[in-house]
Amino acid sequence: MADTTILLVEDEKNIASFISMYLEKEGFSVRMASSGSQGIKAAGESAPELVILDIMLPDMDGFEVCRRLRRQSDVPIIMLTARDAPTDKVVGLELGADDYVTKPFEPRELVARVKSVLRRCERAGRGYEGPLSSGSITLDPEKHEVNAADEPVKLTGKEFDLLHYLMLNSGLALSRQKLLEQVWGYDFAGDTRTVDVHINQLRKKLGDAVAIETVWGVGYKFTG
Ligand code: CA
């Protein structure tokens with residue numbers, strides 16, 4: 001992690017130094033930029049492993065920065081969105097951001113997301129994805145196979161995608177809405193009950209091999 005540089009694009013000094021302090025405590029190197037143009041310049045110069053990008057910036061908004069960064073690289077991007085602007089996250093993800101965190105947030109949540117996005121992108125290699133394993137479960141994205149205690153388990157396409165997403169975000173509480181967006185896509189017309197039905201199927205098919213916790217009032221968390 002010592003060689004992992006994170007570029008933080010945020011003009012509010014208090015928030016920036018607060019976030020940076022937490023990331024450095026976790027062993028990341030942090031480079032800061034206080035405007036969109038500075039951020040784009042710094043991304044080119046320091047080739048960060050990940051960018052944390054605020055939407056409200058003095059010269060151009062975070063969406064524009066995201067769009068321009070995407071023209072030059074596939075660096076993982078986490079956007080900081082405001083709670084009262086629910087469409088921000090959708091726009092951000094459509095522009096190629098990897099994840100978003102809603103302000104105000106717990107620094108621990110941001111750190112967990114940073115690690116999760118890095119893990120996801122590293123595993124993906126933005127190309128090859130190796131098998132994931134947890135406890136007695138192995139999921140191979142390339143072969144589209146799941147084994148529980150060395151026995152193959154038959155999952156439907158969506159069950160597989162859901163389990164894959166949960167495993168990539170192991171330890172994080174994921175809302176039903178987020179799971180719908182990430183696994184089914186934004187234009188999916190169904191409701192969040194769909195998620196519950198698929199989670200129940202996974203629990204039934206995988207039994208004791210998986211622990212998918214229900215997080216009351218939020219959604220689900222894969223814990224192994
Ligand atoms: Ca800002």
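Just follow the structure's listing: the first ligand is 1, and inside any ligand the first atom is 1. The model shown is predicted, which means the values in this text are computed figures rather than measured ones. Atom set for the values below is all heavy atoms of this structure, side chains included, hydrogens, waters and symmetry mates excluded.
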What N, O or S atom of D11 is found closest to the Ca ion (ligand 1)?
OD1

Heavy-atom pair with the smallest gap, counting every atom of E49 and L118:
O-CD2, 3.8 Å

E12: which N/O/S atom is nearest the Ca ion (ligand 1)?
OE1

With carbon and hydrogen excluded and only N/O/S kept, which atom of E10 is nearest the Ca ion (ligand 1)?
OE1

Is there a side-chain contact between Y220 and S175, using heavy atoms and a 4.5 Å cut-off?
no

To the Ca ion (ligand 1), the closest N, O or S atom belonging to D54 is OD2

Looking just at side-chain N and O atoms, do D11 and S34 make a donor-acceptor pair shorter than 3.5 Å?
no

Worked verdict on N169 versus R120 for side-chain hydrogen bond (donor to acceptor under 3.5 Å, both in side chains):
CA-CA 8 Å; N169 292 284; R120 214 155 79 202; 3.3 Å; yes

